[in-house]
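I have placed the structure first, in the form of structure tokens, so that the comments after it can refer back to it.
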Amino acid sequence: MVNHSPTSRRPFAVLMAGVLVGGLISVVTAGPATAADIAGDFDTTALGTTPSGWSVTGAPGDATVQGVPGTVDRSLRLRDTSTSAPVTASATFGTTSSSVVAGFRLRAAQTSTTIGVHLDGSAGHNVTVAMGTDGRLYTYNGAQHVDLGTYTANRWYDIRVVAHPSSGTADVYIDGARKAQRLAFRTTVRSLGSIQAGVATAGTGTAWLDDVRTTTESTPQGWPHLGSVAPRPAQQIGTSKLLVGAETLDRDYTDHQAFAPYLGRLGATGVRLQGGWAKTEKTKGVYDWTWLDRIIDDATRQGVKPWVQLSYGNGAYTGGGGSGLGGQIPTSPEALTGWDAWVTAMVKRYKGRVTEWEIWNEPNLAGIPAANYTDFFIRTATRVRAEQPAAVIYGPAEAGIDVPYTQDFLVGLAGKGKAHLLDGISYHPYNPNPDDAWTYGQVEKIRALIAQYAPGTVLRQGENGAPSRPGSFGALGDLDWTELSQSKWFLRRVLNDLGRDISTSVFSISDLHYPSKINSKGLLRTNTDKTIRYAKPSYYAVQTVASVFDSTVKPLPGYRWSATPNTSLTVQAFAKRDTGRQIVGVWSGATKPSESTTRTATDLTFTGGNFADPVYVDVHTGAVHDIPDANWSVQNGTYTFTDIPVHDSPVLIADRSALTF
């Protein structure tokens with residue numbers, strides 16, 4: 001096999017960043033790492049005590065767990081009452097030269113005292129995020145002060161850092177947005193070992209620290225860190241097949257105003273909304289669109305295209321159907337007339353902003369016979385098309401992948417000569433293992449039915465997610481989950497779908513507060529009042545996927561590959577439409593995502609590859625590493641990559657030109 005020519009690779013100055021971003025990320029074994037995770041929300045720590053594993057310096061003053069004013073939450077409070085010494089609280093995670101991901105929330109009781117949080121090595125502060133005396137957040141690029149914008153007293157800020165000792169650099173994210181990148185460490189000592197929060201010596205004041213999460217993320221040993229995939233907001237991306245769910249706003253289980261700042265910056269270009277007949281028409285014949293106007297207008301302004309489901313029923317009408325999950329469709333003449341009027345009014349009002357509609361939610365879960373649903377679909381779709389002839393209409397939004405139900409629906413639709421009303425089939429495939437072969441076997445069966453009864457109809461994975469902790473409401477809630485396994489699950493589902501040219505919706509943007517318990521499938525963790533607590537690791541992982549896999553990228557079905565060892569690997573390949581340069585996702589898909597972070601050195605061969613300058617992408621953090629010349633070669637379009645770190649979450653081998661830094 002002929003080695004590639006090193007001189008064919010574009011030169012690149014390696015002065016990149018580790019990332020300052022928020023959330024729990026994995027620990028892996030590649031590279032020297034002895035670090036132990038820190039995880040703490042302090043809610044079970046006794047009031048007035050110092051949390052276990054933390055040490056406090058400085059007096060007078062203290063650092064103890066206290067109740068946060070105006071909430072039922074507990075946090076670590078740092079109170080400095082002297083201008084002669086600082087008050088600090090620190091925790092060690094063990095010396096490591098692997099990448100460190102630190103997430104935390106920070107709040108100051110005033111804007112007149114400097115509050116800082118640091119990732120430290122043996123020589124002192126390597127990465128700092130601080131609240132200054134002038135009401136400004138800031139960090140450092142080496143010795144240079146870098147402004148991060150204003151902050152307000154008594155407001156929490158969600159901060160995430162990913163620091164890369166291998167390059168001595170870091171990026172900073174605040175509230176889900178990247179604020180600084182490629183920041184040089186403040187000292188020449190590259191390793192990291194602890195996190196410290198403190199109130200500066202010169203001032204007095206109070207700071208609050210919460211949800212501290214530090215983990216190490218292995219880096220390929222000796223592979224230069226080049227930077228991080230740049231998050232791109234939906235407005236910049238334009239179009240893609242990646243969507244996000246914002247369901248249950250019709251029942252107030254989540255709060256649009258709380259998650260709205262995170263919506264566009266996620267990068268998903270579509271959002272699923274439920275239209276909420278019962279919320280809009282509380283009095284017969286009187287529509288109040290205020291709540292939905294605000295949501296649709298905000299999504300549109302952020303470049304996120306609303307996809308609206310026409311559902312559920314309305315108790316204002318006798319026989320009006322169910323107004324929540326598993327609800328029945330309206331049945332009485334009066335209720336059906338009210339439904340018709342609401343659908344017509346809805347489409348008329350939003351047709352300039354909404355082009356995609358979905359009719360009802362999971363009728364098979366509710367036990368609605370397919371024949372009844374078919375008649376209801378025809379009734380509703382006819383009214384949508386009458387008002388908006390070019391509308392794109394989906395059904396039946398079925399729970400799971402119910403092939404018999406789909407068949408009965410399509411046969412009934414075609415038999416009545418109404419298949420032209422249908423543009424898409426949506427389904428909700430909740431499986432513990434998103435790589436389960438059964439799932440995509442059922443998908444192919446539905447594709448065959450579409451070809452027979454409704455040619456041209458597309459498929460959409462319309463609602464799917466995994467919890468981030470045990471005991472969650474709804475599907476998969478009986479299994480053990482963490483924020484790590486959730487982020488793996490999302491990445492595997494999304495790349496599996498995109499690799500099959502299926503538009504796919506991540507469920508959901510934030511945790512959902514059902515009457516009985518919380519559904520923790522959100523990308524954003526919430527407080528008890530539905531406000532956003534912090535962005536989970538899955539938010540940043542999906543943000544990376546959104547940046548890479550836009551409409552300029554196409555899937556490569558039938559991509560030929562081999563691996564040693566082949567531990568039930570999944571490989572999904574893509575190419576840029578203009579250049580043909582490739583992006584290949586690789587992961588072990590044998591089982592439900594685990595809590596293990598161990599990676600296996602794997603040799604991969606791609607037949608018919610197309611790379612000029614291949615790089616390795618850790619999708620969890622967005623970190624990009626050069627693949628050294630010694631680790632890849634090419635002969636007659638067959639590329640061989642050696643010692644690629646692979647685990648049960650997608651990593652990418654991509655041509656550098658296919659990425660935005």
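What you are looking at is a predicted structure, and each value in this text was computed from that prediction instead of being measured.
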Heavy-atom neighbours of Glu334 CD exceed 12 at 6.0 Å: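 Count over threshold, so yes.
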Counting heavy atoms not belonging to Lys416, are there more than 12 under 6.0 Å from its NZ?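 Open.
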Below 4.0 angstrom, N of the basic side chain to O of the carboxylate: do [X] and [Y] qualify?
| X | Y | answer |
| --- | --- | --- |
| Arg379 | Asp340 | yes |
| Asp511 | Lys521 | no |
| Asp297 | Arg353 | yes |
| Lys576 | Asp655 | no |
| Lys530 | Asp255 | no |
| Asp423 | Arg385 | yes |

Kindly assign one of parallel, tilted or perpendicular to the pair [X] and [Y], based on the angle between their ring planes and the thresholds 30° and 60°.
| X | Y | answer |
| --- | --- | --- |
| Trp307 | Tyr394 | perpendicular |
| Phe641 | Phe611 | perpendicular |
| Phe507 | Tyr430 | perpendicular |

Is a side-chain donor or acceptor of [X] paired with a backbone partner of [Y] at a separation under 3.5 angstrom?
| X | Y | answer |
| --- | --- | --- |
| Asn433 | Gly589 | yes |
| Glu281 | Gly285 | yes |
| Thr269 | Ser240 | yes |
| Ser487 | Leu484 | yes |
| Thr248 | Arg251 | no |
| Gln388 | Lys351 | yes |
| Arg577 | Ser551 | yes |

Does a side-chain heavy-atom distance below 4.5 Å link [X] with [Y]?
| X | Y | value |
| --- | --- | --- |
| Leu652 | Val619 | yes |
| Val244 | Leu263 | yes |
| Tyr427 | Leu459 | yes |
| Leu495 | Phe549 | yes |

We want to know whether [X] and [Y] form a side-chain donor-acceptor pair, criterion being a heavy-atom distance below 3.5 angstrom.
| X | Y | result |
| --- | --- | --- |
| Asp293 | Tyr350 | yes |
| Gln274 | Glu247 | no |
| Lys305 | Thr355 | yes |
| Thr406 | Glu398 | yes |
| Asn496 | Arg500 | yes |
| Ser468 | Glu483 | no |
| Thr570 | Asp435 | yes |
| Thr526 | His513 | yes |
| Ser568 | Ser588 | no |

Can you name the nearest heavy-atom pair linking [X] to [Y], along with the distance?
| X | Y | answer |
| --- | --- | --- |
| Ala316 | Asn314 | N-OD1, 2.9 Å |
| Tyr312 | Gly322 | CB-O, 3.2 Å |
| Ala278 | Gly313 | CB-O, 3.5 Å |
| Leu604 | Ala563 | CD2-CB, 3.7 Å |
| Ile583 | Ala654 | CG2-CB, 3.9 Å |
| Leu410 | Ala454 | CD2-CB, 4.2 Å |

With rounding to the nearest 0.5 angstrom, report the [atom1] to [atom2] distance, [X] to [Y].
| X | Y | atom1 | atom2 | value |
| --- | --- | --- | --- | --- |
| Ile509 | Leu243 | CD1 | CG | 12.5 Å |
| Asp402 | Asn364 | CG | CG | 4.5 Å |
| Asp375 | Ile368 | CG | CD1 | 12.0 Å |
| Gln572 | Arg492 | CD | CZ | 12.0 Å |
| Gln582 | Asn610 | CD | CG | 5.5 Å |
| Ser508 | Leu524 | OG | CG | 8.5 Å |

What verdict does the salt bridge (charged side-chain N to carboxylate O under 4.0 Å, His left out) test give for Asp250 and Lys279, after you've listed the backbone C-alpha separation in whole Å, the side-chain angles of each residue and the deciding distance to 0.1 Å? CA-CA 6 Å; Asp250 58 324; Lys279 183 163 183 167; over 6 Å; no
From CA spacing to verdict: side chain to side chain contact (heavy atoms under 4.5 Å, CB included), Thr239, Asp550: CA-CA 6 Å; Thr239 58; Asp550 60 13; over 6 Å; no
The test is side chain to side chain contact (heavy atoms under 4.5 Å, CB included); show your working for Leu310 and Met346 and say whether it passes. CA-CA 9 Å; Leu310 299 168; Met346 165 84 85; 3.9 Å; yes
Does Trp481 have Lys592 sitting over its ring (NZ/CZ under 6.0 Å from centre, angle to axis within 45°)?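 Yes; both conditions hold, so Lys592 lies above the ring face of Trp481.
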Any cation-pi pair here, Arg560 with Phe606, using under 6.0 Å and within 45°?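 No; the conditions do not both hold, so Arg560 does not lie above the ring face of Phe606.
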Residue among Ser311, Pro330, Ser323 satisfying side chain to side chain contact (heavy atoms under 4.5 Å, CB included) with Trp277: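 The single option meeting the side chain to side chain contact (heavy atoms under 4.5 Å, CB included) with Trp277 is Pro330.
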Partner of Pro231 under side chain to side chain contact (heavy atoms under 4.5 Å, CB included), chosen from Arg265, Gln236, Gln543: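 Per the side chain to side chain contact (heavy atoms under 4.5 Å, CB included) rule, the option paired with Pro231 is Gln543, out of Arg265, Gln236, Gln543.
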Among Glu362, Arg460, Glu358, find the residue that satisfies the side chain to side chain donor-acceptor pair (under 3.5 Å) test when tested with Ser426.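 Result: among Glu362, Arg460, Glu358, Glu358 is the only option passing the side chain to side chain donor-acceptor pair (under 3.5 Å) with Ser426.
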Run through Gln461, Glu463, Arg493, Lys241 and flag the one making a side chain to side chain donor-acceptor pair (under 3.5 Å) with Thr504.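 Exactly one option meets the side chain to side chain donor-acceptor pair (under 3.5 Å) with Thr504, and it is Gln461.
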Ring centroids only, cut at 6.0 angstrom: are Trp339 and Tyr317 within range, meaning strictly under it?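 No: the rings miss the under 6.0 Å criterion.
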For Ile532 and Ser510, what are the C-alpha separation, side-chain angles and deciding distance, and is it a side chain to side chain contact (heavy atoms under 4.5 Å, CB included)? CA-CA 8 Å; Ile532 304 307; Ser510 74; 4.1 Å; yes
Pick from Phe377, Phe409, Tyr373, Phe376: which one makes a ring-ring contact (aromatic ring centres under 6.0 Å, His included) with Trp360?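 Looking at Phe377, Phe409, Tyr373, Phe376, the match for Trp360 under the ring-ring contact (aromatic ring centres under 6.0 Å, His included) is Phe376.
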